[in-house]
Amino acid sequence: MKSNHGKHAIVIFLGWLFLAATLWGETDYRWQVTESEATVYQHEAMEVRYSCRFKDQGSLYSIEMQLPSETEDYRLHVLSEHEQIREGIRTNEYRYILFAKQSGSIIFQPTALMRKTTRDSIENTVIGRDNIEDLTFSDTKVNLPPVQIEILPTSSQLSGHFTLDMQLSSTKVNAYEPIHLSVTLEGEGNLDSLKAFEIKIPGVELFSEKPELSYRLGEHGFRGERTQRFAIVAEKSFTLPPFKVHYFDLGETQEKLLVTDSYEIEVIPAVSGESLLDEVDDEASRTWEWSYLYYVLIFITGYIAGRWLRFRRSSEPKDESLAGRIRGSESIKKLITLLVLSGDLRFTLLIEKLERASSVSLNSAKKEALGVLHED
């Protein structure tokens, strides 16, 4: 009898091919999804993890995740994106934190764009034949495995674990002296969705800064603190009302209310305007008045003297001779014009010199012109 080992080997090989085709289908990759929980409370953080495993290093593929950051049903934040190649197998992992907005049942199913290029296109880019923007891709839009989530209702906009603290600079101040206070919510959950604190106190000026955020995203939401600072200015005593935060405690699975203390702020009234004026000593007053008069007289004397000098100069007869007009020239340009109009050929060399010079002193130019004029 002939051995059937060869036939058995063929059957095993065909079975292996059928199993591989069942697992991978017609693609070079396979997507999987893992969710932290299938049931969460409204506004509770939920982790969803997608992974794409390739048959090999997957060097021809790039992945573009297509996930809306917010819809009517949820808010989505990227926790991490990671790629690794181990034993020649490439795996891409994407972790997201989802906050459900509404109670009920939702289906979360993002898409991914699988972009595949060719080795020829990569080689042409590497050796500089083509620009990297000109890589040839064949794109395939993939619907990722869906996640069905059940959301239990709550009556608050916050879910997690939180503490509330308030710091006050003083409970007794003078009128119009600012009181500083800060309110800090610390914990873990959807801390980023807390609205700014507001307080209203009749007859009080209140100044508020933007909240200071100090937290990081983790598996259970945002962990850290959120601080808001205020400055209060008042004329009369008033009552500082408490700050309140309503949230759903995920540890005890019940609604809770955080409340700060209320304070009676004593404001010392301001003194009247008349009492703020110091009494003026007669001696000091007289000294001030005489010194003031002294400076006024000096100013008047200087003004009169200046006017007199200007009048005297204007009333003095002007020297209309050429030498006088040279002395009275106010600029190099005017001096050159005067020398040219004089028609005296003795100034020819000086005129050329002054026109060529980039910078020259007006006084030295006048001296040279007078020297030429007085030459024998």
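Positions are given from 1, in the same order as the sequence printed here.
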Candidate pair Arg95 and Glu93, rule salt bridge (Lys or Arg N to Asp or Glu O under 4.0 Å), full reasoning: CA-CA 7 Å; Arg95 299 173 63 192; Glu93 184 181 77; 5.1 Å; no

Stepwise side chain to side chain contact (heavy atoms under 4.5 Å, CB included) check, Gln102 with Ile151: CA-CA 7 Å; Gln102 308 294 336; Ile151 299 101; over 6 Å; no

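Distance check, rounded to the nearest 0.5 Å: CD1 of Ile232 to CD1 of Ile201 gives 4.5 Å. Between the CD atom of Glu72 and the CD1 atom of Ile106 there is a distance of 11.5 Å, given to the nearest 0.5 Å.
The one candidate from Tyr247, Phe222, Phe248 that meets the ring pair (Phe, Tyr, Trp, His ring centres under 6.0 Å) condition with Phe162 is Tyr247. Tested against Leu164, the residues Leu257, Thr184, Val245 include a single side chain to side chain contact (heavy atoms under 4.5 Å, CB included) partner, Val245. Tested against Thr111 for a side-chain hydrogen bond (donor to acceptor under 3.5 Å, both in side chains), the candidates Lys141, Gln66, Glu64 yield a single pass: Gln66.
For Asn190 against Ser159, the heavy-atom pair with the smallest separation is OD1-N, 2.9 Å. Taking all atoms of both residues into account, the shortest heavy-atom contact from Ser329 to Leu362 is O-CD2, 3.8 Å. Minimum heavy-atom separation, Phe54 to Ile89: O-CG2, 3.3 Å.
Contact of the Leu98 side chain with the Tyr96 side chain is not registered, since no non-hydrogen atoms from C-beta on lie closer than 4.5 Å. Two residues are said to be in side-chain contact when any heavy atoms from C-beta on lie closer than 4.5 Å; Ile63 and Met114 meet this criterion.
Of the N and O atoms on the side chains of Gln157 and Ser193, not one donor lies less than 3.5 Å from an acceptor on the other residue. A donor and an acceptor atom, one from each side chain of Asn174 and Tyr176, are nowhere located under 3.5 Å apart.
In this structure, His77 and Phe99 have perpendicular ring planes: the angle between them is above 60°, well past the 30° mark.
Checked against the 6.0 Å centroid criterion, the rings of Phe243 and Phe230 qualify as a close aromatic pair.
Ion pairing of Lys200 with Glu198 is absent here, as no side-chain N (NZ or NE/NH1/NH2) approaches a carboxylate O to less than 4.0 Å.
Hydrophobic cluster membership is shared by Leu194 and Leu213, with clusters built from Ile, Leu, Val, Met, Phe, Trp and Tyr side chains linked at under 4.5 angstrom.
Side-chain atoms of Glu44 do not come within 3.5 Å of backbone N or O of Leu250 as any donor-acceptor pair.
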